[in-house]
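Beneath this line is the structure, given in structure tokens, with notes to follow.
Computed over heavy atoms, backbone and side chain alike; hydrogens, waters and symmetry mates excluded. Predicted, not measured: the structure shown is a model, and the values here were computed from it. Throughout, residue positions are numbered sequentially from 1 according to the sequence presented.
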Amino acid sequence: MRLQLIANEVWNGLRRNLSVVVSVVLVTFISLSFVGAAILLQMQINQMKGFWYDRAQVGIYFCGPVDSTATCTQTAATEEQVQAVRDVLDSGAIEPYVAAVEFEDRQLAYEHFMEQFSGTASAEFASPETMNEALWVRPTSPQDADLIREATSALPGVLEVRDQRALLEPIFQVLNTASLAAIGVAVLMLVAAVLLISTTIRLSAFSRKRELGIMRLVGASNRFIQTPFIIEGVVAALIGAVLAAGSVVALVHFFLQGYVAPMLQTIAIVTIDDALVVAPVLVGIGVLFAGVAAAVAIRRYLRI
């Protein structure tokens with residue numbers, strides 16, 4: 001009987017303030033969708049880091065005829081200088097940190113350059129003679145790249161030692177910034193949802209002011225009076241959270257896996273399993289925020 005009475009009170013509250021309840025559902029849905037997008041984006045960043053960092057190489061570029069630096073004197077690196085770099089990489093101190101070494105001569109470097117920049121203005125002036133020979137070194141682990149660079153950058157005939165991770169960092173920084181921006185928008189929307197839940201509690205309490213007075217007169221406990229209002233806020237937020245969780249799963253299934261993944265087969269894309277991990281988190285966040293907001297609002301507005 002008590003549960004049925006509480007259920008009736010919850011239903012009446014939701015029905016009387018339907019427009020505000022719909023607003024809570026929509027704001028919760030949008031805010032938690034941003035939270036889910038931010039979590040998925042962070043998962044994607046971590047997957048891409050693991051994928052690309054494991055494949056990132058260290059390029060040891062040798063001097064060309066026109067290069068003038070501390071280790072280059074406008075003469076091309078000799079075979080002896082190239083071999084000296086190989087000897088350092090094969091030495092007992094460095095060899096454990098090197099997984100593979102591949103030599104790229106000028107002709108091969110030119111072919112790779114044309115594959116990437118064919119049709120551009122730079123390609124018109126490129127020739128095998130303008131390319132630099134290089135050793136491409138794959139470290140045993142991404143952290144070993146710094147050791148390889150320090151051991152070879154000052155050797156005679158070496159123009160530059162370039163870690164490919166440095167090229168990836170700006171991309172990941174942009175993605176991290178986008179993730180933080182999504183979290184910021186989500187926080188603002190969650191604040192709006194909390195305020196709307198408080199408004200819903202106030203309207204429900206005002207519309208049932210006479211009923212609440214009668215409940216107090218007949219000896220109803222504070223917990224019994226509070227419960228329907230808290231459940232109203234939780235139900236509205238739960239609907240929005242479930243919709244947000246569903247949208248996240250749909251985004252991953254139809255867009256990322258159905259459209260993006262076939263186009264970018266060399267990049268690890270977040271999967272449905274990742275989305276199914278995020279979905280209950282969103283529901284939990286929605287219910288938690290709604291429950292706390294409703295409990296605080298009912299004590300403030302009803303003075304119970």
Checklist entry - Is there a donor-acceptor pair closer than 3.5 Å between any side-chain N or O of Thr71 and the backbone N or O of Pro156? => result no
Item to check | Heavy-atom side-chain proximity of Val58 to Pro139 below 4.5 angstrom | outcome: yes
Item to check | Close side-chain approach of Val25 to Leu243, heavy-atom, < 4.5 Å | outcome: yes
Next on the checklist: Quick one, Phe62 and Val85 - any side-chain contact, counting heavy atoms below 4.5 Å?
Outcome noted: yes
Checklist entry - Does a side-chain heavy-atom distance below 4.5 Å link Asp273 with Val277? => result no
Next on the checklist: As an exercise, state the distance from CZ of Arg149 to CG of Asp146, rounded to the nearest 0.5 Å.
Outcome noted: 4.5 Å
Item to check | Minimum side-chain heavy-atom gap Gln257-Val252 below 4.5 Å | outcome: yes
Next on the checklist: For a 4.5 angstrom cut-off between non-hydrogen side-chain atoms, does Val161 reach Ile148?
Outcome noted: no
Checklist entry - Given side chains that start at C-beta, do those of Leu89 and Arg86 come closer than 4.5 Å, heavy atoms only? => result no
Next on the checklist: For residues Trp136 and Val98: do they belong to one hydrophobic cluster (side chain heavy atoms under 4.5 Å, members Ile, Leu, Val, Met, Phe, Trp, Tyr)?
Outcome noted: no
Checklist entry - Is it the case that more than 12 heavy atoms not belonging to Phe289 sit under 6.0 Å from its CZ atom? => result no
Checklist entry - Above 12 or not: heavy atoms from other molecules or residues under 6.0 Å from OH of Tyr97? => result no
Checklist entry - Below 4.5 Å, heavy atoms only, C-beta onward: do Val278 and Leu282 meet side chain to side chain? => result yes
